[in-house]
Amino acid sequence: VTFFGSARTKPSNKYYSLAEETAAILSKSGYSIITGAGPGIMEAANKGAKKGCSLSIGLNIHVPEVQKPNKFITKLIDFRYFFCRKVMFVKYAKAFVIFPGGFGTMDEFFESITLIQTERIEKFPVVLVGREYWSGLVEWMRKSMLKKLYINKEDLFMFKIVDKPKDVLKTIRDFYRS
């Protein structure tokens with residue numbers, strides 16, 4: 001399961017704790033965890049994976065401001081180019097779990113649903129964590145994108161918003177059961 005979210009999220013933030021707990025639950029259920037290898041949500045997810053005793057993978061990117069891989073990674077892979085790294089996030093994932101974040105997180109979210117919408121990849125669970133954070137964006141999608149017919153109503157069902165770690169696991173399990 002690939003985790004996305006802000007590198008700026010501090011350990012004292014509720015989403016850091018939620019990401020760690022979510023990754024631990026998924027790990028104990030047999031999933032390995034993939035992140036971008038950095039701090040914040042990525043660190044929390046790798047930490048949770050390690051607690052859950054699963055593979056904790058970090059796909060590190062070389063950028064001008066050096067990103068130091070977090071200490072909870074058990075398998076590190078370095079990339080020079082974002083596009084190669086993005087392919088790896090998708091290629092080996094059974095689901096995306098996306099926590100609050102900035103432009104990079106939005107890029108990863110919109111690219112994932114675009115790949116599903118255009119059938120470049122098979123449909124798979126895209127789970128947004130934090131209704132409080134995501135509801136404004138989804139409301140904008142309804143009022144602007146859907147209302148102006150830039151997307152179809154069913155496009156809004158390519159992802160699900162949850163608030164609890166156990167609901168992330170349930171969403172992924174329900175998808176693969178059906």
Worksheet item: Does one hydrophobic cluster hold both Tyr31 and Ile34, with members joined at side-chain heavy-atom distances below 4.5 Å?
Response: yes
Side-chain donor-acceptor distances from residues 87-109 under 3.5 Å, at least two apart:
from	atom 1	to	atom 2	distance (Å)
Asp107	OD1	Lys86	NZ	3.4
Asp107	OD2	Lys86	NZ	2.6

Worksheet item: At what distance, to the nearest 0.5 angstrom, does CG of Leu59 lie from SG of Cys84?
Response: 11.5 Å
Fill in: Distance in Å, Leu146 CG paired with Glu139 CD, rounded so as to fall on 0.5 Å steps
10.5 Å
Identify all side-chain donor-acceptor contacts of residues 113-121 below 3.5 Å with residues at least two apart in sequence or on another chain.
from	atom 1	to	atom 2	distance (Å)
Thr114	OG1	Phe110	O	2.6
Gln117	NE2	Asp155	OD2	2.9
Thr118	OG1	Thr114	O	2.8
Arg120	NE	Thr118	O	3.4

Practice prompt. Measure across Met141 and Leu156 and return the closest heavy-atom pair with its distance rounded to 0.1 Å.
Written response: CB-CD2, 4.0 Å
Fill in: Candidates Asp163, Val1, Leu128, Leu26 - the one meeting side-chain contact (heavy atoms from CB on, under 4.5 Å) with Val168
Leu26
Discussion item. Looking at Tyr15, is its backbone amide N or carbonyl O close enough to the side chain of Asn13 to form a donor-acceptor pair, meaning the two atoms are under 3.5 Å apart?
Written reply: yes
Worksheet item: Just how far is it from atom CG of Leu18 to atom NZ of Lys164, taken to the nearest 0.5 Å?
Response: 10.5 Å
Discussion item. Does this structure show an ion pair linking Asp174 with Arg177, if we count only N-O contacts that are shorter than 4.0 Å?
Written reply: yes
Worksheet item: Is the number of heavy atoms from other residues, nucleotides or ligands under 6.0 Å of Tyr176 OH greater than 12?
Response: yes
Worksheet item: In terms of heavy-atom contacts, does CZ of Arg8 have more than 12 from other residues, nucleotides or ligands at under 6.0 Å?
Response: no
Worksheet entry | Under 3.5 Å donor-acceptor, Arg80 side chain and His62 backbone | no
Using distance only, find each side-chain donor-acceptor pair of residues 36-52 under 3.5 Å and give its atom names and separation, not counting sequence neighbours.
from	atom 1	to	atom 2	distance (Å)
Glu43	OE2	Tyr16	OH	2.6
Asn46	OD1	Thr35	OG1	2.6
Asn46	OD1	Asn70	ND2	3.0
Asn46	ND2	Ser56	OG	2.9
Asn46	ND2	Ile57	O	3.3
Lys51	NZ	Glu20	OE2	2.3

Fill in: Separation between NZ of Lys14 and OH of Tyr133, rounded to the nearest 0.5 Å
12.5 Å
Worksheet item: Got a second to check how far Glu21's CD is from Lys166's NZ, nearest 0.5 Å?
Response: 10.0 Å
Worksheet entry | Test item: Ser178 side-chain N/O and Phe175 main-chain N/O as donor-acceptor pair under 3.5 Å | yes
Worksheet item: Can you find a heavy atom in the side chain of Leu55 that is under 4.5 Å from one in the side chain of Ile33?
Response: no
Item to complete: Compare all side-chain heavy atoms of Val126 with those of Met158 and state whether any distance is below 4.5 angstrom.
Response: no
Discussion item. Quick check for you: to the nearest 0.5 Å, what is the distance between Asp167 atom CG and Lys160 atom NZ?
Written reply: 7.5 Å
Worksheet item: Taking the side chain as C-beta and beyond, is there a heavy-atom pair between Lys75 and Ser32 under 4.5 Å?
Response: no
